[in-house]
Amino acid sequence: DPKIIQKPKYLVAVTGSEKILICEQYLGHNAMYWYRQSAKKPLEFMFSYSYQKLMDNQTASSRFQPQSSKKNHLDLQITALKPDDSATYFCASSQPGLGGREQYFGPGTRLTVL
Amino acid sequence: GQQVQQSPASLVLQEGENAELQCNFSTSLNSMQWFYQRPGGSLVSLFYNPSGTKHSGRLTSTTVIKERRSSLHISSSQTTDSGTYLCALANTNKVVFGTGTRLQVLP
């Protein structure tokens, strides 16, 4: 059974629209993260949450808003979508302590903005 | 500048050959993790190795903190090893991934 679920697997959106990417983890972790991987670019760290609180935000744009309704959920809302937002978005989790904990990744959501 | 550099950028092997992948970092280290990214995109954690040497089957990871480097050794490569290998450096508030080594193992 998958331990980190991301939904949907593929997502196509039009420029200017809003989408929510879903992430749920069943590893009992208290820290969750979002990463982005654009074509031909390294994986980029976006956000970290610990005990449902934002710990670090490396995303310049306020169009990206994480939402944590439950301890094991960290969704990503993206507003006013742009073609440059096209990427695969990965959710990850670990025990708290970003500097010293092994991270586990979900399968990703591939977003295409037309 | 780039905090985490991986080399080589790409590597082609014949099945059965060994590979040595390098990861060099320019900042202080809290943890080092190696990942395998499948051609379809999913990430598999290979090693969590802040320091020292760890083994898993045909894979060996060695991290030397004072030299600011980590390596991944693949012995007796197989075609199923093809894919991208990523190292990730975690400091207190940030995780930085390297650009990856794309490995192709030919039959």
Side-chain angles (χ1 to χ4, degrees), chain A residues 2-11 21 23 25 27 29 31-50 53-60 86-112, chain B residues 1-10 21-52 54 56 59 61 63 65 70 72 83-102:
Chain A
K3 301 298 184 185
I4 302 182
I5 296 171
Q6 288 190 245
K7 293 183 286 190
K9 186 173 182 179
Y10 300 100
L11 186 57
L21 281 56
C23 178
Q25 56 89 6
L27 294 164
H29 291 158
M32 296 184 71
Y33 316 89
W34 277 102
Y35 294 82
R36 172 172 55 195
Q37 188 173 36
S38 305
K40 300 182 181 179
K41 288 186 180 179
L43 265 162
E44 297 174 88
F45 171 76
M46 298 178 73
F47 299 97
S48 65
Y49 266 64
S50 181
K53 292 185 179 179
L54 178 66
M55 300 303 292
D56 197 11
N57 177 359
Q58 296 290 332
T59 302
S86 297
T88 299
Y89 291 82
F90 290 97
C91 173
S93 70
S94 75
Q95 289 300 347
L98 181 61
R101 299 291 184 267
E102 184 172 9
Q103 295 196 23
Y104 297 83
F105 278 70
T109 292
R110 184 174 292 182
L111 172 65
T112 302
Chain B
Q2 181 67 31
Q3 297 180 47
V4 182
Q5 293 185 328
Q6 287 189 246
S7 60
S10 62
L21 282 56
Q22 298 291 340
C23 181
N24 293 281
F25 43 94
S26 58
T27 61
S28 60
L29 168 71
N30 283 111
S31 69
M32 171 61 69
Q33 193 165 352
W34 282 93
F35 294 89
Y36 167 66
Q37 187 165 31
R38 295 191 177 103
S42 60
L43 285 159
V44 176
S45 177
L46 298 175
F47 290 102
Y48 172 72
N49 186 13
S51 66
K54 292 191 174 183
S56 178
L59 304 180
S61 168
T63 298
I65 296 174
S70 183
L72 178 68
T84 300
Y85 292 80
L86 299 165
C87 65
L89 169 67
N91 296 321
T92 303
N93 295 313
K94 191 175 179 179
V95 174
V96 180
F97 275 83
T99 51
T101 292
R102 183 170 291 183

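Just so it is clear, the structure is predicted and the values come from calculations on it, not from any experiment. Just so it is clear: chains get the letters A, B, ... in the order the sequence lines come, proteins before strands, and each one is counted from 1.
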B:Gly98 to A:Pro42 - nearest heavy-atom pair and separation:
O-CB, 3.8 Å

Can you say whether A:Glu44 sits under 4.5 Å from chain B via the side chain, the backbone, both, or neither, judging by heavy atoms?
neither

Between atom OH of A:Tyr35 and atom CZ of B:Phe97, what is the distance when rounded to the nearest 0.5 Å?
5.0 Å

State the CD-OG1 distance between A:Gln37 and B:Thr84, to the nearest 0.5 angstrom.
8.0 Å

For B:Gln37 against A:Phe90, the heavy-atom pair lying closest together
NE2-CZ, 3.7 Å

Can you measure from OH (A:Tyr104) to OG (B:Ser45) and round to the nearest 0.5 angstrom?
6.5 Å

